[in-house]
Amino acid sequence: MIKFFLKILMGFAGLFLLSCDSGDIYPEKYERNDGITVSATFVFDNPETFPSDYLLIFGAFNDRQTTPVASVRIMKPKNQEPVNVSIDNLGDNVTSIMLCIANSGRLPVFSLFETDINVAGGNIAIPESKISLTSYERIQNLVFEQYNCVSCHQGNTGARNLLLTADKSYNALVNIASSVNPAKNRVTPSDTGNSFLLDVLTDADVVISQPHTGFVTRNDDIVLLREWIKNGCGK
Ligand code: HEC
């Protein structure tokens, strides 16, 4: 967007120059200002949980807007090689950059990495950073909170005594027997087959008074839950 704007502005400046005979209109001190470049290198773990329904974007932000003033989309790397990204032509209104999972309107829904930047010093290169794609924090934010599970699974007990609020959810799920299907745990580390959480969200044959199969609408979020369980339920 900013790039587009700059191009238009520079186009106008060009027209102006062409229509004037005198070359003195812009004295020597006139300089083109192409802004600064911010570059970064990221290494992603667990590529199975790389977003595909969502966008993964590297964006530059100012204090006033929730959407980035400029951003680039990062596509899934073929292997776990480092990914280099950069944004050019940034103006001095930029105060931070963020690597984030975003919706189709490029509105961030979950931050994977962020840092404040000061563009006054010129171009910025952010050192290589390892990015964890399968964090429990992402599950808490993008599943339990985004899909409003917490509206029913909160308070002192919550539906079926299952609390999915941030401080309670992990301990209420991992290695705790399901009360709807006591043959299984709600979640068993490294055992997706013995994790009723996956059944209740994905299997329409589960017998339950409140069907849950329509709640999680993006496959990315189901994949996230499955991979987190497969990988041993890191906290
Ligand atoms: C509209 C209210 C409501 C929402 C929203 C809701 N749940 Fe539930 N949930 C229930 C009820 C009620 C039960 C128990 C149903 C029964 O007793 O048959 C339940 C049961 C469960 C169980 C089984 C617990 C056990 O011990 O066997 C899990 C797991 C679960 N919900 C997870 C979720 C997740 C994850 C979400 C969000 C994606 C969610 N729920 C959203 C009401 C809700």
Side-chain angles (χ1 to χ4, degrees), residues 44-57 66-67 74 76 98-114 131-235:
F44 297 98
D45 72 355
N46 208 356
E48 289 79 7
T49 53
F50 198 94
S52 68
D53 300 326
Y54 298 100
L55 307 178
L56 184 71
I57 64 167
T66 45
T67 48
I74 300 177
K76 183 176 176 175
M98 195 198 292
L99 175 76
C100 58
I101 298 174
N103 66 18
S104 56
R106 299 211 168 193
L107 185 70
V109 291
F110 184 70
S111 166
L112 294 162
F113 174 94
E114 58 189 276
I131 303 299
S132 166
L133 288 171
T134 318
S135 66
Y136 190 69
E137 205 191 341
R138 178 174 166 193
I139 292 177
Q140 182 64 41
N141 277 256
L142 291 192
V143 183
F144 305 147
E145 283 163 27
Q146 183 176 224
Y147 296 111
N148 238 337
C149 313
V150 287
S151 67
C152 298
H153 296 281
Q154 65 173 335
N156 288 331
T157 53
R160 285 275 170 174
N161 204 14
L162 169 60
L163 301 180
L164 293 177
T165 45
D167 51 337
K168 301 272 166 46
S169 61
Y170 189 96
N171 290 338
L173 288 169
V174 178
N175 289 320
I176 301 293
S178 157
S179 57
V180 173
N181 178 1
K184 290 193 179 189
N185 278 342
R186 288 171 174 167
V187 167
T188 307
S190 309
D191 189 353
T192 50
N194 184 13
S195 294
F196 185 68
L197 174 66
L198 288 177
D199 299 355
V200 80
L201 296 177
T202 62
D203 182 354
D205 293 336
V206 163
V207 178
I208 187 165
S209 68
Q210 166 70 63
H212 277 48
T213 45
F215 286 165
V216 176
T217 51
R218 290 180 192 81
N219 190 48
D220 273 2
D221 297 317
I222 296 291
V223 172
L224 173 65
L225 286 173
R226 190 174 290 123
E227 289 298 318
W228 168 72
I229 295 173
K230 261 194 206 165
N231 290 325
C233 299
K235 199 163 181 183

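Whatever order the structure lists ligands and atoms in, that order sets their numbers, starting from 1. Sequence positions, counted from 1, serve as the residue numbers for this chain.
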Inter- and intrachain pairs under ring-ring contact (aromatic ring centres under 6.0 Å, His included), touching residues 145-171, at least two apart: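 Listed once each, the pairs are Tyr136-Tyr170.
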Among all the protein's non-hydrogen atoms, which is closest to [atom], and how far away is it?
atom: atom 24 (C) of ligand 1; value: Arg186 NE, 3.8 Å
atom: atom 23 (C) of ligand 1; value: Phe196 CE2, 3.8 Å
atom: atom 27 (O) of ligand 1; value: Ser178 OG, 2.7 Å
atom: atom 25 (C) of ligand 1; value: Ser179 N, 3.4 Å

Looking only at side chains, do Asn185 and Thr188 share a donor and an acceptor under 3.5 Å apart?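 Yes, because at least one side-chain N or O of Asn185 sits under 3.5 Å from a partner of the opposite role on Thr188.
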Answer yes or no: is there a donor N or O on one side and an acceptor on the other, between the side chain of [X] and the main chain of [Y], under 3.5 Å?
X: Ser151; Y: Asn148; value: yes
X: Arg186; Y: Ser195; value: no
X: Asp203; Y: Leu198; value: no
X: Gln140; Y: Leu164; value: yes
X: Gln146; Y: Leu142; value: yes

Check each atom of ligand 1 against the heavy atoms of [X] and keep those under 4.0 Å away; list them by number with element.
X: Ile208; result: 15 (C), 16 (C), 18 (O), 20 (C)
X: Val216; result: 38 (C)
X: Leu197; result: 29 (C), 35 (C)

Worked verdict on Leu112 versus Leu56 for side-chain contact (heavy atoms from CB on, under 4.5 Å): CA-CA 9 Å; Leu112 294 162; Leu56 184 71; 3.4 Å; yes
Residue and atom, protein N/O/S, under 2.8 Å of atom 8 (Fe) of ligand 1: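 The answer, once waters are left aside, is His153 NE2, His212 NE2.
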For residues Leu99 and Ile74, determine if any side-chain heavy atom of one lies less than 4.5 Å from a side-chain heavy atom of the other.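 Yes - at least one pair of side-chain heavy atoms lies under 4.5 Å apart.
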May I ask you to test the Pro108-Met98 pair for a side-chain heavy-atom distance under 4.5 Å?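 Result yes, sub-4.5 Å side-chain heavy-atom pair found.
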Which one of Pro182, Ala177, Ser209 has a non-hydrogen atom at the shortest distance from atom 16 (C) of ligand 1?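 Of the listed residues, Ser209 has the closest heavy atom.
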